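Below is one structure, written out as structure tokens, with a few remarks after it.
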Amino acid sequence: MRTVKIELANKIASTLQETPENCAMLMEYPPNPELGDLALPCFKFAKKLRKNPQQIAHDIAQLLKSATCLESVTVENGYVNMKIRHSVIWNKVFEISSTHIANLFTRQRFLGKRVAIDYSSPNIAKPFGVGHLRSTIIGEALLRMLKEDGFEGIGINHLGDWGTQFGKVIAAYQKWGSEDKVKENPIRELFQLYVRFHQEAEQNPHLEEEARYCFKKLEDGDEETIRLWQWFIKESLTGFEKTYRLLGVHFDHYLGESFYNDKMEAVVEELQDKHLLVESDGAFVVDLSEWNMPPCIIRKSDGTTIYATRDLAAALYRHDKLHADYLLYVVGSEQTLHFQQVFKVLDLMGRDWSSNCVHVAFGLMKFNGEKLSTRRGHVVYLEDVLEKAIQEARSIIESKNPNLSNPDEVARQVGVGAVIFNDLKTYRIHDVDFRYEDVLNFDGETGPYVQYTHARACSVLRKALTTISQEEMNSSVSVPDVALQSFTLTPSEWSLLKQIAQANEFFERAVDQYDPSVIARFALLVSHAFNRFYHDDPILTAPHSIRQRRLDLVRLTKHVLAHTLHLLAIEAPEAM
RNA sequence: GCGUCCGUAGCUUAGUGGAUAGAGCGCUGGCCUCCGGAGCCAGAGGUCGGGGGUUCGAAUCCCUCCGGACGCGCCA
């Protein structure tokens, strides 16, 4: 669709005294398909050309009459409305997708560039709640999308394995913990200790002091403290990895905060050499008042470091050692100020690539309208959510498709897909109120709906194999040129094809906005167009030539949906 | 108090300068002697938070007020 726009734009650009790119960008899809397939509003040009829009539209329409890719051109209320020849889009789409379906989506705009994405990054010894789902899922989808657009992508799990919070867990364990209990159920038991610490600290403020002391011992290399710390990490990681496997998430590096312990001194020194550090109440900070931000604390008054220092060291590592040109951080929007500060400090340190650092923020996860507070033990375990979704999928399969050969595998794919899609389908900045009734509903704009559509397409293709001879199956793949003139699709076929032809535009918008929900919406639009086509037009019982064409369309849709789901880290079962 | 973000149907939302503001859930009513009914079609439901401004044109841009979320030096 993009190439058609450009082709048309080239014809009219000089008359409109605009660049072809601008003309192409101004072309839009009419709200009502009766009006046409593409439209150009001419109001913008009125001032510059000193003509009324209606007149300009007529002039443009005249120019476009000669365009071979158009079926008709009409003028209405200052709009030029164009109908495109079905065969033109058909042949383009099938030609572009013939080598690989991905070519319909990407032009590989970022070949030779490398991006590092920081995502998921849970805290050790804390449960993996639904709140972590957002970062994990958005990050994974983003990584897949950017790789597809030509980037070499590095996925980094910046584990929270350091910091004062760790002192709390260690202090709590030494006070109330038992080795046996932890061994029995590591993540939940360690979490209990963390919650109890916060409860008791409300009565006993000096506990906070003890926690800071424990963390100090950790930083100073105390043997027993380190032993406990490593043990906690080991146990927690095992738990996390189980969830990542279920979600189909993979990281190139697990680089926890502790990884940067020996890399922070260099940062402090550099800041000092560049006269960026000032002392304030015993702490060392970078003053950012000139940019209307509070100071960025680099070293606390007790001498220990803080997360800003670690994030600086991590950024330098990712750029200098991993050679990433772009650094993305998929982290909640509550940390917006923090990242603004860190990026500004990088800038002040003379790192011009700080402008390629992006905080991909997302909204808060709530549960039934209430804020989730890890400290108070108010947590919804992601494991539990996935388990419930899988069970729901399993019971639906039981009632709708009891003869399915691999019901457990499909239940897992569909249940997990429902949870992922539910999270990805809305704009990432919005807060999400997590409700089981929404997640466990598999009707309407959901992951299972897209998966179902894909399975349906697969089913038709399977059936075609058994009912149609091999020779006929292999005969026509696209429309023969001789048929070009008379080649007209039904309204349902045409709107499906047009929707698929917009893959590139949706994909690039999703990448440019770092927003997987754009892809999710595209999947829904294609699914809906396909289901309508499936309902309106018979496929297997149609006459030969038409049947071939419809099977081509089914095959195309199947691949488009499977690929779209893949970009969202959702599996596409062939039957469900 | 200051800063950032958000406010669209009962609920969840799309549309961020163009035609009559699109969907889904829920509700009501249709559609399988026919390729999968996790589907398709139709109906009811909207002061696009309020007001002002810019523009040929505003849900979209600017100002202001209201409501909400988050943040504002030693947590991450």
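To find a chain, count down the sequence lines: A is the first, B the second, and so on, and within it residues start at 1. Predicted model only: the values in this text are computed from it and were never measured.
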Which nucleotide in the list [options] gets nearest to the side chain of [X]?
| X | options | value |
| --- | --- | --- |
| A/Arg212 | B/A19, B/G36, B/C75 | B/C75 |
| A/Val285 | B/A38, B/G73, B/C40 | B/G73 |
| A/Ala455 | B/A38, B/G36, B/G73 | B/G36 |
| A/Arg456 | B/G36, B/C75, B/A19 | B/G36 |
| A/Ser459 | B/A76, B/G36, B/U13 | B/G36 |

In the structure I gave you, are the side-chain heavy atoms of [X] and [Y] within less than 4.5 Å of one another anywhere?
| X | Y | answer |
| --- | --- | --- |
| A/Trp229 | A/Ser258 | yes |
| A/Phe232 | A/Ile170 | yes |
| A/Leu16 | A/Ile56 | yes |

Contact class for [X] vs. all strands (heavy atom < 4.0 Å): base, sugar-phosphate, or nothing?
| X | result |
| --- | --- |
| A/Asn81 | base |
| A/Asp537 | base |
| A/Ala46 | nothing |
| A/Arg435 | sugar-phosphate |
| A/Asn77 | nothing |
| A/Ala393 | nothing |
| A/Arg394 | nothing |
| A/Phe442 | base |
| A/Ala361 | nothing |
| A/Ile298 | nothing |

[X] side chain near [N] phosphate (N/O to OP1/OP2, under 4.0 Å):
| X | N | answer |
| --- | --- | --- |
| A/Tyr534 | B/C35 | no |
| A/Arg532 | B/C41 | yes |
| A/Arg310 | B/A76 | yes |
| A/Lys47 | B/C56 | yes |
| A/Lys463 | B/G36 | yes |
| A/Arg509 | B/G15 | yes |

Any idea how A/Tyr436 and A/Phe367 line up, ring-wise: parallel (<30°), tilted (30 to 60°), or perpendicular (>60°)?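 Perpendicular, since the angle between the ring planes exceeds 60°.
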
Hey, what's the ring geometry for A/Tyr329 with A/Phe343, parallel, tilted or perpendicular (30° and 60° as the breaks)?
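Plane angle between 30° and 60°, so tilted.
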
If you pin A/Phe215 and A/Val432 to their nearest nucleotides in RNA chain B, which one's is more 5'?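 In this pair, the answer is A/Val432.
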
**Prompt:** Nearest nucleotide by nearest heavy atom, which residue falls closer to the 5' end of RNA chain B, A/Val460 or A/Asp281?
**Reply:**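 Result of the comparison: A/Val460.
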
Just to verify, what does [X] make a ring pair (Phe, Tyr, Trp, His ring centres under 6.0 Å) with, not counting sequence neighbours?
| X | value |
| --- | --- |
| A/Phe259 | A/Tyr317 |
| A/Tyr194 | A/His198 |
| A/Phe533 | A/Phe530 |
| A/Phe128 | A/His132, A/Phe240, A/Tyr244 |

* Quick one: classify the glycosidic conformation of B/C32 as syn or anti, with syn meaning within 90° of 0. =>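 You should classify B/C32 as syn.
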
- What form does the base of B/G50 take, syn (within 90° of 0) or anti?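 Anti conformation here, the glycosidic angle of B/G50 being more than 90° from 0.
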
How long is the line joining [atom1] of [X] and [atom2] of [N], in whole Å?
| X | N | atom1 | atom2 | value |
| --- | --- | --- | --- | --- |
| A/Phe43 | B/G57 | CZ | P | 12 Å |
| A/Met293 | B/G73 | CE | C1' | 14 Å |
| A/Gln451 | B/G39 | CD | P | 13 Å |

Quiz prompt | Pair A/Lys83 + A/Glu34: basic N to acidic O under 4.0 Å | solution =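 The answer is no: the pair does not qualify as a salt bridge.
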
Any ion pair linking A/Lys5 and A/Glu28 (charged N to carboxylate O, less than 4.0 Å)?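 Judged by the 4.0 Å cut-off on N to carboxylate O distance, A/Glu28 and A/Lys5 do not form a salt bridge.
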
Roughly how many Å apart are [M] and [N], using the [atom1] atom of each and rounding to a whole number?
| N | M | atom1 | result |
| --- | --- | --- | --- |
| B/C25 | B/G39 | C1' | 16 Å |
| B/A21 | B/A69 | P | 32 Å |
| B/G53 | B/C11 | P | 30 Å |
| B/G45 | B/G24 | C1' | 14 Å |
| B/U60 | B/C6 | P | 13 Å |
| B/A19 | B/C62 | C1' | 25 Å |
| B/A42 | B/C35 | P | 23 Å |
| B/G15 | B/A44 | P | 25 Å |

Notebook entry, point to check: Of all of residues 513-523 of chain A, which get a heavy atom below 4.0 angstrom from RNA chain B, listed by number?
Noted result: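 Those residues whose heavy atoms fall under 4.0 Å from RNA chain B, taken from residues 513-523 of chain A in numerical order, are A/Arg521.
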
Under 3.5 Å, which N/O atoms of the protein pair with N/O atoms of nucleotides 21-27 of chain B?
unit_1	atom_1	unit_2	atom_2	d
B/A23	O2'	A/Glu445	OE2	2.6
B/G24	O4'	A/Glu445	OE1	3.4
B/G24	O4'	A/Glu445	OE2	3.4
B/G24	O2'	A/Glu445	N	3.2
B/C25	O3'	A/Asn441	ND2	3.4

Dump the pairs, protein N or O against N or O of nucleotides 3-9 of chain B, anything under 3.5 Å, distances to one decimal.
none

Per-residue pairing states of RNA chain B in dot-bracket (Watson-Crick or G-U under 3.5 Å; . unpaired, | other strand) read (((((((..((((....[...)))).(((((.......))))).....(((((..]....))))))))))))....

Determine whether the aromatic ring centres of residues A/Tyr307 and A/His338 are separated by less than 6.0 angstrom.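 So the answer is yes for these two rings.
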
Please tabulate, one pair per line, each protein N/O and nucleotide N/O from nucleotides 68-72 of chain B that are separated by under 3.5 Å, including the distance.
unit_1	atom_1	unit_2	atom_2	d
B/A69	O2'	A/Asp431	OD2	3.3

Between N or O atoms, less than 3.5 Å apart, protein on one side and nucleotides 29-34 of chain B on the other: list the pairs.
none

When you measure from the side chain of A/Ser120 to the backbone of A/Ser135, do you find a donor-acceptor pair of N or O atoms at a distance under 3.5 Å?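 Not a single qualifying donor-acceptor pair exists.
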
What donor-acceptor contacts under 3.5 angstrom involve side-chain atoms of residues 206-218 of chain A, with partners at least two apart or in another chain?
unit_1	atom_1	unit_2	atom_2	d
A/Glu209	OE1	A/Arg212	NH2	3.4
A/Glu210	OE1	A/Lys175	NZ	3.3

- request: Please identify each residue that fulfils side-chain contact (heavy atoms from CB on, under 4.5 Å) with A/Pro538, with sequence neighbours left out.
  value: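 Partners of A/Pro538 by the side-chain contact (heavy atoms from CB on, under 4.5 Å) criterion, ordered by chain and then number, come out as A/Thr541, A/Arg550.
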
